[in-house]
Visitor: 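Pasting a structure here, questions to come.
Every chain is numbered from 1 and lettered A, B, ... according to where its sequence line falls, protein lines coming before strand lines.
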Amino acid sequence: MKSQKTYSFYQLFLKKFKKQTMAVIAFWILIGIFLLGLAGPWITPYDPNRPVTEQYEEKGIDRTNEMTGMIQITGIMSDGAERPVSEVMLQSSNRQISSVSESSGTITITPVGQGSTTVLIAKGDVATQIQLDVSVEDTPPILTQLLLHGPPGKVKKGDILQLELEATLSNGDKLVGLEQIRSNLQQLMGARKTDSHEKNGFLTARKKQSEEVGQIHYQSTDEKVIRVSPDGMVTALGQGIGQVKVSIGPVSTIVPIAVETPQQEPVLVKIKPSQTHIALMDNRKHQQPSLLHWFGTDHQNRDIFSRVLAGTRETLFIGFVSVGIGAVIGTLLGLLAGYYGRWIDSIITRLTDILLAFPGILLAIAVIAVLGAGMVNIIFAVAVFTVPIFIRIVRGSALALKQMTYVEAAKSIGVQDFVIIMRHILPGMLPVVMVYLTMRIGTAILLGAALSFLGLGGDITAPEWGAMLSAAKDNSRNFFYPTFFPGIAIVLTVVCFNLFGDGLRDTLDPKLKE
Amino acid sequence: MARYIIGRVLGMIPILMIISILSFLFVHLTPGDPIRIMYGAEMDMATYEKVKESLGFHDPLYVQYGRYLQQILTGDFGVSYKSKTNVSDEIGKRFLYTLGLTFAAMFWALIIGLVVGIYSAAKRKSIWDRLGIISTTTIISIPEFWFGLILMQIFAVQLGWFPTSGSGTFVHLLLPSITLGFGVSAIIARFTRSSVLEVLQEDFVRTAKAKGQRESVIIWTHVLRNALIAVITMTGLQFGFLLGGAVVVEQVFAWPGLGSYLIDSVLARDYPAMQALILLFSVQFLIVNLLVDISYSLVNPQIRYE
């Protein structure tokens, strides 16, 4: 005879559950999330509560290269030779974005804020501009250098000559000739004007300045030697050495012109920086996601990846504890109502009706309005929201189980009510309670996060997913990552709980399905 | 029928009473002295007593409750501690915003939910059906405030199609209402699917199939008509969900409705406003549930005689 294999309840359950692929996957992901939650505080790459900049030194990460910009400058003389320059005049047009300093031909730029600005390097009549972007991209190029080509041969008195002007833009483009420069400049200045207008509406003073900027100014240092017209025509008037200075806004250059005299010492005509456009990252807050900070950093420069990891525990804690409290109270009341019936039942059922008369989140908000904002109160609020649902389910289930023959039998032989409830009724409804427990944890996490997001959790500096979203929502228009990653963590966890709950339901009690 | 409706309305009265008592007790349940919150902590005892007297806090609780009941029945919800304006005026200003948002959200939820649900059921076990099930499970798990922030980031900030927040025109309504309706659309889709599948098992569907009727005709004439009764009820019940969700979504999009008023008043401990809003939200919820029950009993006569 073939021996029939018998399965225990748990083996049967496992056999059935394994067929629910999605639920099994969700279950394993949940195990992973639990482990992360348990290990959270120890495996975070950074301290979730402190700005990362404070931690770089401890971790031996050197980020000074990325944080400060170094620029070498060399001077180009009128005879084409390169010479080192020092003691230049430096000016950062927006000190809120960066500060600059110079030592022996090297300029150090340290960002202080975010935005786009220019640094002016000047020596005598020669001035060069560098474009500096801190944590911004796609800024239009600006004019950085000017160069006037001197006359090729000897200049005689009475000669009229046109000096060729060459302009270099921060993206490396060169514009040659007045016409080209003029037409391009107008376009460039226009773009910059609207740009600055958009970013800060109160910069009226600078707007005026930038209107003048578009003009090309010629100037002669010695009117007796040479005269220069506004469109750059140079007339030699007398013997000697004169200089023509040309400037567009802050950028300027000179060219020496010797009229009927031999050329003398070459003068500085151009300051050549090693870079005309420098892009820096502001490391003090809102760093973009990178290899160093997978999820970026938030408004206090705390590592979001570490915070999400550390927040796993707290978020799961809110979900479990609140649903746990709600389920225990709900199950007890439901058992009382279902088993004893009569006036106990009607009181408890009325209570449930009233609690269910409020839409879920409003009930929770009302509880917090009474208790005050705070994480613990969020747990209570979510528990209160969970209680009536469990009362309903358990009561219905108890009503059905009470009719069972074995319960009647137990009653008829005089078993105490407490024993009947604990031994015969509670185990019978355990599958249903378990299913709802799992499904409710997802909802509880969502509700807890929503309350926390609304600012009802009190402390929004805590690494909890809802609180992180709440803290990041004011900057959500400029930076997506501080809100994106905690949100994804919530979605993943809740999806897994829901899928796992669905799987449990289909396995334990197919009748429950819709 | 009339008897059923009257019965249901009368049945609401005790619940309304308890809700009004709870909202009345609100001020007394909460820690902190409402007078101190209203007028600041530094006030001498004499003025304190005077204010207490003028507000009637000396009277026994049942007298105060009677007065409160009288006030709310005449639509007077008191004066806000924070803005010192009439709470009912503020509610009147904001009520239509929340109502508009809720209805627009329900519109999206119904359109998306019904289309996805019916399609999933008609093409059951296909790849689209599976995709539908997976995406509805995911959508239900998405916090709506986060979804709103993402939509805002994509469509308002990156693409610039919609304003990020505020109110006034139809365009302002689009993002908040889609955000709010999205979660409910998943619930409606799931429910529609299972409801349609259930009706597909019925004998009359088999008969229709047996006589060679086309699948699309069966779905549109025989199945939907029967399946939609349950869907309509379920949809009505989702209004409560939407009212709650509106609280969060309004906060995300700075929508000047009742929800953002509620959160502001909770954070500012503005009790008269809180009291009024919690009362209003639960009464709204009760009325919607009542309307759903009545409309359900209109389409399904069995329920009336239970």
Visitor: Check whether any side-chain heavy atom of S452(A) sits under 4.5 Å from a side-chain heavy atom of M468(A), and report yes or no.
Guide: no
Visitor: Is I140(B) in contact with chain A via its backbone, its side chain, both, or neither, using a 4.5 Å heavy-atom distance?
Guide: both
Visitor: Measuring heavy-atom distances to chain A, does I278(B) have an atom under 4.5 Å in its side chain, in its backbone, in both, or in neither?
Guide: both
Visitor: Select one option (side chain, backbone, both, neither) describing which atoms of F453(A) are under 4.5 Å from chain B's heavy atoms.
Guide: side chain
Visitor: Does any heavy atom of chain A fall under 4.5 Å from the side chain of V248(B), the backbone, both, or neither of them?
Guide: both
Visitor: Salt bridge between R190(B) and D129(B), side-chain N to carboxylate O under 4.0 Å?
Guide: no
Visitor: Below 4.5 Å from any heavy atom of chain B, which atoms of L363(A) appear? Answer side chain, backbone, both or neither.
Guide: neither
Visitor: Are F182(B) and F147(B) close enough that their ring centres sit under 6.0 Å apart?
Guide: yes
Visitor: More than 12 heavy atoms of other residues, nucleotides or ligands under 6.0 Å from CZ of F34(A): is that the case?
Guide: yes
Visitor: Report the option among T483(A), L447(A), L454(A) that has the most heavy-atom pairs separated by less than 4.5 Å from atoms of chain B.
Guide: L454(A)
Visitor: Count the heavy atoms belonging to other residues, nucleotides or ligands that lie under 6.0 Å from CZ of F24(B), then report whether that count exceeds 12.
Guide: yes
Visitor: Is the shortest distance from a Lys or Arg side-chain nitrogen in R342(A) or D345(A) to a carboxylate oxygen in the other one below 4.0 Å?
Guide: no
Visitor: Which bit of I142(B) is near chain A, if near means a heavy-atom gap under 4.5 Å: side chain, backbone, both or neither?
Guide: both
Visitor: Return the option, out of L469(A), T443(A), I368(A), I445(A), with the maximum number of heavy-atom pairs under 4.5 Å with chain B.
Guide: L469(A)
